[in-house]
Amino acid sequence: MITKELDCFNIAQICDSGQCFRMRQKHDNTYSVIAGNEYLEVTQNGNQCTFHCDERKYETFWREYFDLNTDYKKYIESIDEQDQYLKKASEFGFGIRILNQDLWEMIVSFLISQQNNIVRIRRCIDNICECYGEKRFDGSGKLYYTFPQAEALAELHEDALKDSNLGYRSKYVVRTAKSLTEGEVSLEAIKQMPYKEAKTELMKLYGIGEKVADCICLFALHHFEAFPVDTHIRQALEGHYPDGFPAERYNGCEGVMQQYIFYYELMGKKMNK
DNA sequence: ATACAGGTCTTAA
DNA sequence: TTAAGACCTGTA
């Protein structure tokens with residue numbers, strides 16, 4: 001177990017920010033997450049964060065995963081004093097971080113996310129992990145499933161994932177898996193590309209449009225200049241930025257601001273009611 | 001009941 | 001180039 005005192009880190013906010021669909025609340029202050037081949041539980045009390053793993057795993061995997069080398073306070077402090085809306089949003093979601101998640105997993109996750117709600121997205125991803133992923137046990141015997149490889153999904157019939165509750169998105173995932181295993185598009189190449197090139201390349205995949213491509217760029221490739229615009233963000237922009245979001249001012253960290261806004265729109269409203 | 005979820009693709013003007 | 005329609009399914 002590793003305990004750290006962390007600023008701008010709140011596991012509950014990260015869990016609810018809708019970028020990782022394999023993170024859950026376990027108990028009051030404890031959350032679980034599955035990433036790559038690993039399972040982790042995190043307990044947080046105030047600034048004290050306990051990672052239930054050994055130091056080596058923390059240093060070689062989870063530190064990078066949670067983006068703990070990045071100073072988010074710097075981004076929050078860079079917010080325009082005049083912009084009360086963004087200031088409130090960042091105060092509300094001060095502990096959000098942009099995770100470093102697996103590229104293939106984010107492609108599938110955000111293909112599924114379109115025109116969908118977060119509860120069902122989670123269920124869909126659980127389903128395909130249990131159906132096509134591999135069984136694993138963590139140190140204390142806890143069973144979990146890894147995210148399936150592209151090869152496992154590429155061989156399916158285009159409608160096969162309807163059984164996993166994907167609906168019409170089934171063929172998007174299967175065809176995309178095929179494109180990747182056949183080498184039509186290379187994930188390793190995409191990882192080396194700058195933002196705009198990577199986005200263009202991702203949009204060659206069936207079912208990936210501008211919004212989903214931006215989510216993938218932000219959550220897997222760590223391109224902070226990506227600013228995904230979905231229905232919630234569009235509403236917020238119409239209400240608070242009639243002349244457009246001041247992207248120039250937040251050049252290079254638009255995606256971080258997007259997350260504060262998204263979380264504030266999603267969770268802030270829920271708490272008002 | 002009807003609209004809407006972290007949209008994209010297809011088809012027609 | 002733009003705009004309407006279709007698309008799975010669950011929830012409020």
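We name chains A, B, ... by the order of the sequence lines, and we start the count at 1 in each one.
A perpendicular orientation is assigned to the rings of A:Y75 and A:F224, their planes being inclined by more than 60° (bins at 30° and 60°). Ring-plane geometry between A:F245 and A:F227 is classed as parallel, the angle between the planes falling under 30 degrees on a 0 to 90 degree scale with a further cut at 60. Between A:Y85 and A:H240, the ring-plane angle classifies as parallel under the 30° and 60° cut-offs.
Going from the C1' atom of B:dA5 to that of C:dC8 covers 12 Å, rounded to whole Å. Nucleotides B:dG6 and C:dC7 are separated by 22 Å at their P atoms, to the nearest Å.
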Give each protein N/O atom lying under 3.5 Å from an N/O atom of nucleotides 1-4 of chain C, with the pair distance.
none

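Through chains of ILVMFWY side-chain contacts below 4.5 Å, A:Y39 is grouped with A:I34, A:Y144.
Atom-to-atom distance recorded for A:E41:CD and A:D138:CG is 7.0 Å, nearest 0.5 angstrom. Here the CG-CD1 distance, from A:L111 to A:I208, works out to 5.0 Å after rounding to the nearest 0.5 Å. A distance of 11.5 Å separates CD1 in A:I125 from CZ in A:R120, rounded to the nearest 0.5 Å. Between A:E91 atom CD and A:Y260 atom OH the span is 11.0 Å, to the nearest 0.5 Å.
The separation between A:M203 atom CE and B:dC9 atom P is 7 Å, rounded to whole Å. The CG-P distance, from A:L202 to B:dT8, rounds to 12 Å in whole Å. In this structure, A:L266 atom CG and C:dA12 atom P are separated by 14 Å, rounded to whole Å. What separates CZ of A:R234 from P of B:dG7 is a distance of 9 Å, to the nearest Å.
For A:R136 and A:E134, the salt-bridge test passes: some basic side-chain N is under 4.0 Å from an acidic carboxylate O. Ion pairing between A:R56 and A:E59 fails under the 4.0 Å rule for side-chain N and carboxylate O. Ion pairing of A:E210 with A:K199 is present here, as a side-chain N (NZ or NE/NH1/NH2) and a carboxylate O approach within less than 4.0 Å.
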>> Run A:D126 and A:R24 through salt bridge (Lys or Arg N to Asp or Glu O under 4.0 Å) and show every step you take.
In response: CA-CA 12 Å; A:D126 280 351; A:R24 296 294 145 83; 3.3 Å; yes

> Yes or no on ring-ring contact (aromatic ring centres under 6.0 Å, His included) for A:Y145 and A:Y132, after CA distance, side-chain angles and deciding distance?
Replying inline: CA-CA 9 Å; A:Y145 292 87; A:Y132 306 102; over 10 Å; no

> Between A:C217 and A:L202, is a side-chain contact (heavy atoms from CB on, under 4.5 Å) present by the stated rule, with each step listed?
Replying inline: CA-CA 9 Å; A:C217 284; A:L202 285 166; 4.0 Å; yes

> For DNA chain C, what string of dots and brackets results from 5' to 3' when Watson-Crick and G-U pairs need both distances under 3.5 Å, crossing pairs get [ ], and pairs with another strand get |?
Replying inline: |||||||.||||

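Using modelled atom types and a 3.5 Å distance limit, the side chains of A:E265 and A:Q235 yield no donor-acceptor pair.
Residue A:Q259 is in base contact, counting any heavy-atom pair closer than 4.0 Å across all strands shown.
Here the two rings, on A:F21 and A:F110, have centers that are under 6.0 Å apart.
Remark: A:Q115, A:R120 in residues 90-122 of chain A come within less than 4.0 Å of DNA chain C through at least one heavy atom. Within residues 205-228 of chain A, no residue places a heavy atom under 4.0 Å from DNA chain C. The stretch residues 161-185 of chain A comes close to DNA chain B through A:Y168, A:Y172, each having a heavy atom under 4.0 Å from the strand.
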